[in-house]
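Accompanying notes for the structure given below.
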Amino acid sequence: MLTMFWILAVVMVVSAFAVATLPNALYGALCLVVNLCAVAGIYAVLGAHFLAAAQIIVYAGAIMVLIVFVLMLLNVKSEKQKFSDFVLFVLGLALVAGLLAVILPVVKQLPSGKGMIGQSIGATPLSGTVHALGVIIFKEHIFLLEVIGVVLVTAIVASVMLANQRKKPEGSK
Amino acid sequence: MIPVSYLVALAFIMFSIGAFGVIVRRNLIAVFMCVELMLNSANLIFVTFSQVHQSLDSQVAVLFVMSVAAAEAAVGLAIVLAVFRHRTSVDTTEVSELKD
């Protein structure tokens, strides 16, 4: 279980780094697919089986198809100047350093640590099957489910409105 | 047996890589993909603590985050298309009307 975790973690970090730095956005998108599949693998290791399947179908399937489709449609060349200006680059590095400074105390209290963060997830984790999740969604969170339906319909209508504008004669150069 | 701290650290690292990409990248679609990375690291934390608390409620939250991410992808990519239609580029530095 731990071996599996380490393999997936290395794949995740390397592919996430590739997404953030590769100049060609299409290669970045392919690395994001690898990353999302690795996250799905971690979900499966943690016992969230339905979420692992949903992650692959919704994220690595639907959303990534949308992104790759838009990339293909726009035919964007790789960036010549990959990063914005130097100030922003330094700002980004400072942000990462700050976040890592937050992580370090967490990682220091390794398995033997106190409290919630020091625990380990056992060999037989709570199983997130379709049945278990379905019962909870339709019994306790039915209102949220309806709200999500409204959100999705609104998003689709909005995106059709946005993407369907007629070309203005002088607006485009 | 996976220590919870490893999972939290992994999610933090992925989140900071995503935040770095959002700040530093110039391609709108690349920025968008980095936002997806950050959403995924939050989801990973949700699943981790669903095991810690032995409760499936946070896995339901992950499902809802996924559907919101799908809605966000639809709207975000439509906005990218609209920006491209106006300027024939998806460079973030060119979209700066509100700046001055």
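Keep in mind that the numbers below use all heavy atoms, side chains included, and drop hydrogens, waters and symmetry copies. Every value quoted in this text rests on a predicted model; they were computed, and no experiment measured them. Just so we're on the same page: letters track the sequence lines, and every chain starts at 1.
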| task | May I ask you to test the B:F64-A:V147 pair for a side-chain heavy-atom distance under 4.5 Å? | result | no
| said: Report which part of B:V90 has an atom under 4.5 Å of a heavy atom belonging to chain A: side chain, backbone, both, or neither. | reply: side chain
| message | In the structure I gave you, are the side-chain heavy atoms of B:M14 and A:V13 within less than 4.5 Å of one another anywhere? | response | no
| said: Out of B:V47, B:V68, B:L81, return the one with the most heavy atom pairs under 4.5 angstrom to chain A. | reply: B:V47
| message | Does any backbone or side-chain atom of B:T48 lie under 4.5 Å from a heavy atom of chain A? Answer side chain, backbone, both or neither. | response | both
| said: In the structure I gave you, are the side-chain heavy atoms of B:E36 and A:Y59 within less than 4.5 Å of one another anywhere? | reply: yes
| Do A:L46 and B:L7 have side-chain heavy atoms sitting under 4.5 Å apart? | yes
| said: Using side-chain heavy atoms (C-beta onward) and a distance below 4.5 Å, is B:L63 in contact with A:F50? | reply: yes
| query | Any side-chain heavy atom of A:L36 within less than 4.5 Å of one from B:N40? | reply | yes
| If we only count heavy atoms from C-beta on, is the A:L74 to B:V80 side-chain gap below 4.5 Å? | yes
| request: Using distance alone, with no hydrogens and no angle criterion, decide if A:Q55 and B:N43 have a side-chain donor and acceptor under 3.5 Å apart. | output: no
| request: Answer yes or no: is there a side-chain heavy-atom contact under 4.5 Å between B:F20 and A:L91? | output: no
| field | Nearest atoms (heavy-atom pairs only) where A:L162 meets B:A78 | value | CB-CB, 3.8 Å
| query | Is it true that atom CZ of A:F17 has more than 12 heavy atoms of other residues, nucleotides or ligands lying nearer than 6.0 Å? | reply | no
| Of the listed residues (A:G92, A:A62, A:G47), which shares the most heavy-atom pairs with chain B below a 4.5 Å separation? | A:G92
